Amino acid sequence: MPAPKKDQLIPFYREMLLARRFEERTGQLYVQQKFNGFCHLYIGQEAVSTGCLNAIRKGEDHVISAYRDHVQPMVLGMTPREVMAELLGKSTGCVKGKGGSMHMFSKDLRYYGGHGIVGGQVPLATGIGFKIKYKKEDNVVLCFLGDAAINQGQFHEALNMAAVWKLPCLFIIENNLYGMGTAINRTCALENLADRAKGYAMRGETVDGRDVVKTYTKMTELVEWVRKTSEPVLIDMQTYRLRGHSMSDPGHYRTKEEVTKERERDCLVLLQDVILSKKLATESDFEHWDEETMEVVEDAITFAEESPEPDASEIWTDVFVDEN
Amino acid sequence: MPELSLREALNEALSEEMERDEDIFVMGEEVAEYNGAYKVTKGMLDRFGPERMIDSPISEAGFAGLGVGAAMAGLRPVIEMMTWNFAVQAFDQIINHAAKMLYMSGGQFNVPMVIRGPNGAARGLGAQHSQCLEHMLTNCPGLKIISTVIPADAKGLMKSAIRDNNPVLFLESEMLYGFKGEVPEGEHIIPIGKGDIKREGTDVTVISWNKALLQTLDAAASLAAEDGINVEVIDPRTLMPLDEELIFESVRKTNRLVVVEEGWGVSSFGCYITDRVTTECFDDLDAPPARVSNLFVPMPFNVTLEKEVLPTESRIKEAVKKVLYKD
């Protein structure tokens, strides 16, 4: 299996660290009421985006996601400035302040959003897969969804179509064990979520999404398998969010002990251990990277705060494309 | 000019556009091997092959969403809903995804997709198969909405809908797929957003579309013959965007307005038209506008009752007389 090369591990770590620090500061800004709306942090799940999105051809393969979407576009190549400015609703944000936390998009990066209706993006991914097959291209589409989305009717409809028509889709359940405050084992009778795939005669896989090495390795294999066979796959990507569902979630539905225990398997800690054990870096390197990362995040915040509000005329743009 | 039925006119528009642009595909329940539940897509599987004519599972939300995704990625889907009643299953995709994609992506992802199918009551299909969905869908910014049964209009507007780079909803009528009219051959385009005066008159402006338009025209003929009332009948053809100027101009001439619409008249599109007219033409009106719509009950199965629930020619005539103070 195509494991990450040694020289990929440090970039992976730094990418995940940027995600972590970015989201920590985002959470603080939200508490300080620097921006409005909902805010779903990615903290704890960083190995998923880094492991999955480094396994594709960035900018060529297609990616679509739900509303926990601050980090994935950055892994694809969006600047932290564009994401932070969007969070603050500024004109310099990736969608000019019209999307906010839940609706990041980039056509250039083939990042199809940022969607706020649980499961609603899954048929869209099937449509992107349909286009790939229709045009006889050799790309794939990665569709991220939460564990709770597998109980939506649209998820079932979309996976069935992807299987019937053999569309090159990777459906990645970011299984953080909770749909908002409801544990997945209270809403889904399956112990192994990948077993859902059997109902569609689709390949199903389970991946340890805390371990970026395992995630990247397995995803590289699966992406190339999908590219080659044009068959879809459903992946139970096992992860954990270390914060609440959203910023307004006090997390009473899970114990402190559980969260403390899960922190021991924090994806950043796991990767740091790998890097140290392989002697690829020293403790002081990690401190140095942290400082550099904080500078990048603070620069993004300054940029966002100093950026102008959208012009009022923007209210009326982008309702329709004018020219046909 | 050849005479075609509504279904033939739609078929001609779809086929000509598919010949022109390989990115267009048709997907829906029974559209390919069965030749369409109402035969609108008859012969198209043989002509365009199974890659472009696709029979879907019964998954309206799923294949509407597939259409949205395919359109975002650059294709031009034509999605058939066997009836608009079934599209209620796909409202999440139509309202939350298709309509909003361009806006919430800051202008990056447009959705050049057509969703088409029959709308309104047929004959004795009962409560779940007899609804007019335009009243709900015109409430949602980001959608263009066409409703027509006139074959020539259907061809010209379907070609425009397919070429439009935005999501366009196209509402037809099951009862009128066999309705015939002269249809220009080849490149016949009617721009979206242009209404049409179907009968010129001076006394009362009556706005109506889709199946109710034909009843309105019958009522107008009868009013002219029996009562000497000269009704002007306007078919907006496109509900969103609405050709308001055509309506205002007519009302400024006749000083009276009636809206005849199938579907329930509570929070309906007719409410919107009367609101626009009373706001913009208040001083021109010589009577309060009147509306004719379905009785506000779920559709009964019994055909005699159904006929009474739908707009009737006698209610249309009463409404016209009312705004003329001749009741």
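For clarity, every value in this text was computed on a predicted model and none was experimentally measured. Naming convention: chains lettered A, B, ... in sequence-line order (proteins, then strands); numbering from 1 in each chain.
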Should we say atom [atom1] of [X] is surrounded by more than 12 heavy atoms from elsewhere, each under 6.0 Å from it?
X        : atom1 : result
B:Gln89  : CD    : no
A:Glu305 : CD    : yes
B:Asn139 : CG    : no
B:Glu185 : CD    : no
B:Gln128 : CD    : no
A:Asn36  : CG    : no
B:Glu33  : CD    : no

Quick one: what part of A:Tyr134 sits under 4.5 Å from any heavy atom of chain B, side chain, backbone, both or neither?
-> side chain
Below 4.5 Å from any heavy atom of chain B, which atoms of A:His156 appear? Answer side chain, backbone, both or neither.
-> neither
A:Phe320 and B:Asn165: CA distance, side-chain angles, deciding distance, side chain to side chain contact (heavy atoms under 4.5 Å, CB included) verdict | CA-CA 8 Å; A:Phe320 292 110; B:Asn165 284 326; over 6 Å; no
A:His62, A:Glu314, A:Lys98: which one forms the most heavy-atom pairs within less than 4.5 Å of chain B?
-> A:Lys98
When A:Lys133, A:Gln154, A:Lys135, A:Lys96 are compared by non-hydrogen pairs under 4.5 Å with chain B, the top option = A:Gln154
For chain A, find its close neighbours in residues 51-63 of chain B: heavy-atom separation under 4.5 Å, sorted by number, or none.
->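 Within residues 51-63 of chain B, near chain A: B:Glu51, B:Arg52, B:Ile54, B:Asp55, B:Ser56, B:Pro57, B:Ser59, B:Glu60, B:Ala61, B:Gly62, B:Phe63.
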Taking non-hydrogen atoms and a cut-off under 4.5 angstrom, which of residues 103-113 of chain B neighbour chain A?
->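 Residues B:Tyr103, B:Met104, B:Ser105, B:Gly106, B:Gly107, B:Gln108, B:Phe109, B:Asn110 are the ones that qualify, each having a heavy atom under 4.5 Å from chain A.
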For a quick test of your reading: what N or O donor-acceptor pairs under 3.5 Å do the side chains of residues 188-196 of chain B make, sequence neighbours left out?
{"from": "B:His188", "atom 1": "NE2", "to": "B:Ala152", "atom 2": "O", "distance (Å)": "2.9"}
{"from": "B:Asp196", "atom 1": "OD2", "to": "B:Lys198", "atom 2": "NZ", "distance (Å)": "2.6"}

Between B:Asn96, B:Asp92, B:Leu102, which has the largest tally of heavy atom pairs under 4.5 Å with chain A?
-> B:Leu102
Quick one: of B:Ala71, B:Ala99, B:Ala70, who has the most non-hydrogen atom pairs under 4.5 Å with chain A?
-> B:Ala70
Taking atom NE2 of B:His97 and atom CD of A:Gln121, what is their separation to the nearest 0.5 Å?
-> 7.0 Å
Gap between atom NZ of B:Lys100 and atom CG of A:Asp318 - 0.5 Å precision |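 Here the interatomic distance stands at 14.5 Å.
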Correct closest heavy-atom pair for B:Leu66 and A:Trp165 would be CD1-CZ3, 3.7 Å
Would you check if the side chain of B:Asn166 reaches a backbone N or O of A:Val321 as a donor-acceptor pair within less than 3.5 Å?
->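 It does hold such a pair.
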When only heavy atoms count and the cut-off is under 4.5 Å, which of residues 72-79 of chain A reach chain B?
->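 Hits under 4.5 Å: none found.
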Derivation of the side chain to side chain contact (heavy atoms under 4.5 Å, CB included) call for A:Phe105 and B:Met72 = CA-CA 12 Å; A:Phe105 286 81; B:Met72 288 171 77; 4.2 Å; yes
